[in-house]
Amino acid sequence: MPEHTSDSDERLHTSGERQARKPEIGVILGSASDLDRVGPVFSTLEDFQAGYEVAVISAHRTPGLLAEYASTAPGRGIKVIIAAAGLSAALPGALAALVDIPVVGLPLDVGTLKGIDALLSVTQMPPGVPVASVGIDNPKNAALLALRILGVSSPEVLSRLASYRESMAQDTVDKGRRVSEKGLPAWSR
Ligand code: RP5
């Protein structure tokens, strides 16, 4: 069962194990330079043993490739797409213009505006073309939101999400206990 862990905690699974899973989540990066920032997307999806596929596609530099991805993804069984991009992050919105499945935007802090540029690009979409967004540089939430979307139609994913949430609550209680052990006047229930 997945446990709540820190973002830096990477667990690797064998490629055979991973290949056996049918990809239902697409992860698109606007540039290969985004890879390190997006790492916790992959470790979180691995924790949940989710099937996913990864592509580097730029809405600005390779628009044709984006159109090809969008037109083929649902047919491959992709049910939700995480689109990560920095700067004037057109990728999530341009993708949402081409598909009917949910798009989770992950705005990245890569420039002088510290990700505010990407956040506004992702969230300020015109009516009719919705893009969900997580916070700037919050890859773990992007993965968890995509899993929650899958969980609507998968009792297995939903049950793993419930275990994760319980583990996170326990972790928070344990850490709180350590604070009260420092001699502070603790709240007694
Ligand atoms: C965005 O431009 C990408 O998502 C990346 O965050 C940023 C810079 O890309 P590179 O110039 O490093 O390829 O589209």
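All ligand and atom numbering here is 1-based and tracks the order in the structure. Model, not experiment: these values are computed from the prediction. Each residue takes its place number in the sequence, starting with 1.
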Notebook entry, point to check: Does the T172 side chain pair with the main chain of M168, one donor and one acceptor, at a distance under 3.5 Å?
Noted result: yes
| query | Is it true that a side-chain atom of N141 and a backbone atom of V134 form a donor plus acceptor pair closer than 3.5 Å? | reply | no
Tell me whether ligand 1 is touched by V110 - counting only heavy atoms on the residue side and a distance under 4.0 Å.
yes
Check: of L29, I57, L87, D34, min heavy-atom distance to atom 8 (C) of ligand 1 comes from L87
A student checking ligand 1 against S33 at a 4.0 Å heavy-atom cut-off should list atoms 9 (O), 10 (P), 12 (O), 13 (O)
Under 4.5 Å between side-chain heavy atoms, hopping through other hydrophobics if needed: is there a path connecting V104 to V41? yes
* Could you tell me whether some N/O pair between S58 and ligand 1 is separated by less than 3.5 angstrom? => no
P155 and S153 have their tightest heavy-atom pair at CD-O, 4.0 Å
Requested in this report: Could you check whether the rings of Y52 and F42 sit parallel, tilted or perpendicular, using 30° and 60° as the cut-offs?
Outcome: parallel
Heavy-atom proximity to atom 9 (O) of ligand 1 ranks first, among A85, A90, S31, for S31
What do you reckon, does G86 have a nitrogen or oxygen under 3.5 Å from a nitrogen or oxygen of ligand 1? yes
Contacts table for residues 62-74: side-chain donor-acceptor under 3.5 angstrom, sequence neighbours left out:
{"residue": "T62", "atom": "OG1", "partner": "S58", "partner atom": "N", "Å": "2.9"}
{"residue": "T62", "atom": "OG1", "partner": "S58", "partner atom": "O", "Å": "2.9"}
{"residue": "Y69", "atom": "OH", "partner": "E53", "partner atom": "OE2", "Å": "2.6"}
{"residue": "S71", "atom": "OG", "partner": "A67", "partner atom": "O", "Å": "3.2"}
{"residue": "S71", "atom": "OG", "partner": "E68", "partner atom": "O", "Å": "3.1"}
{"residue": "T72", "atom": "OG1", "partner": "E68", "partner atom": "O", "Å": "2.9"}
{"residue": "T72", "atom": "OG1", "partner": "Y69", "partner atom": "O", "Å": "3.2"}
{"residue": "T72", "atom": "OG1", "partner": "R76", "partner atom": "NH1", "Å": "2.9"}

Assess R61 for proximity to ligand 1: is some non-hydrogen atom of it under 4.0 Å away? yes
